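The block underneath contains the structure these notes are about, expressed in structure tokens.
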Number of protein chains: 2
Amino acid sequence: MSPAPARATRQRAAVADLLSRVDGFRSAQELHELLRDEGASVGLTTVYRHVQALAEAGQVDVLRHEDGEAVYRACGTGEHHHHLVCRDCGRSVEVEGPAVEAWTDDVAAQHGFIDVQHTLEIFGTCRNCAS
Amino acid sequence: MSPAPARATRQRAAVADLLSRVDGFRSAQELHELLRDEGASVGLTTVYRHVQALAEAGQVDVLRHEDGEAVYRACGTGEHHHHLVCRDCGRSVEVEGPAVEAWTDDVAAQHGFIDVQHTLEIFGTCRNCAS
DNA sequence: CGCTTCTTGGCAATGATTGTCAACATCGAA
DNA sequence: TTCGATGTTGACAATCATTGCCAAGAAGCG
């Protein structure tokens, strides 16, 4: 993989800005199309690079669709949190669950696991898409 | 995709048997190699078919590595449960968390989501691999 | 045993993601 | 502001898991 882009470029701004305006998880390919539609075209490879750089920097969250495609979304906080995602429109809500955090750490410790992390995502159909 | 295999064949048995003997999540490719090593060679395409059929039948659980590769594991019960997985050796422990189930349903309901599902996996390093 | 139907497996096709590299833009220095 | 070293871009090729395809082989039934 190429080095993570750090310089201020039009492409970097375009990707970050788009992510901040859109309110659900989007794939790199979708972001690429959206940018093209807006006229602020950015190469697909470049979209991948920025989206991954932002993910590593903790500024966007990544999760995977059932088919394995990676989807990204800008999140309000760098804090650890989870998502409630609409499986139709991709819209999502950030949620926190202190109790869950504690529970996972507990369970892991009980089984002698260290360096524990976890993933938790909730999928459903939102009010809009249900009608 | 082809129809799910239902007939009793050597290949079907080999895949199911291997999954029952191995105690961690394995990718289709790994299973394919393991079978080859055992002499009970099965075509890669066929491994994919059986592993997916078993997953649909609820007899194996599927999850995704960070790189998006799908990994499979035979599970003791058809009940809903989660996993504590060693990120080094793939060994895993089935865990249940009734409190978590309730919490996710709650959160989803509060936000007007219906048809709710969730994924929760815990990753860590197991005692063996830590040393 | 013979037939019908399902299963197998090698290979091509797909689709997301990553590697490559020449052309181009940025930013600090002069 | 201009120059140059260095970071970025993007078209294209390459990778890799997974799926589609289809002729040859096996299972189950009579």
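So you know, we letter chains A, B, ... as the sequences are listed, proteins then strands, and number each from 1. Computed from a prediction, not measured in an experiment: that's the story for all the values here.
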key: Gly68(A) or Ala8(A), whichever maps to the more 5' nucleotide of DNA chain C   = Gly68(A)
ask   = Taking atom types as they are modelled, is there a donor-acceptor pair under 3.5 Å from the base of dT7(C) to the side chain of Arg12(B)?
value = no
task = Considering non-hydrogen atoms only, spot the tightest contact between Asp61(A) and His81(A) and give its length.
result = OD2-NE2, 3.0 Å
request  = Pick base, sugar-phosphate or nothing for His50(B), based on heavy-atom distances below 4.0 Å to the nucleic acid.
outcome  = sugar-phosphate
request  = Check the distance between dA17(D)'s P and Glu69(B)'s CD and give it to me in whole angstrom.
outcome  = 6 Å
ask   = Is it true that Glu33(A) and Arg26(A) have a side-chain N and a carboxylate O under 4.0 angstrom from each other?
value = no
Length of the line joining Arg10(B):CZ and dA26(D):C1', which is rounded to integer Å = 11 Å
inquiry  = Check this for me, if you would: do Arg64(A) and Glu121(A) make a salt bridge, where the nitrogen-to-carboxylate-oxygen distance has to be below 4.0 angstrom?
reply    = no
note = In whole angstroms, the gap separating C1' of dT18(C) from CD of Gln52(A) amounts to 8 Å
task = Round to a whole Å and report the spacing from CD of Glu30(A) to P of dA16(C).
result = 10 Å
inquiry  = Between Glu101(B) and His118(B), do the side chains contain a donor N or O and an acceptor N or O under 3.5 Å apart?
reply    = yes
query = Is any N or O donor-acceptor pair between the side chain of Thr9(B) and the base of dC6(C) shorter than 3.5 Å?
reply = no
request  = Kindly say whether, by distance alone, the side chain of Arg49(A) makes a donor-acceptor pair under 3.5 Å with the base of dG19(C)?
outcome  = no
query = If you take atom types as modelled and just measure distance, does the side chain of Arg7(A) reach the base of dT26(C) with a donor-acceptor pair under 3.5 Å?
reply = yes
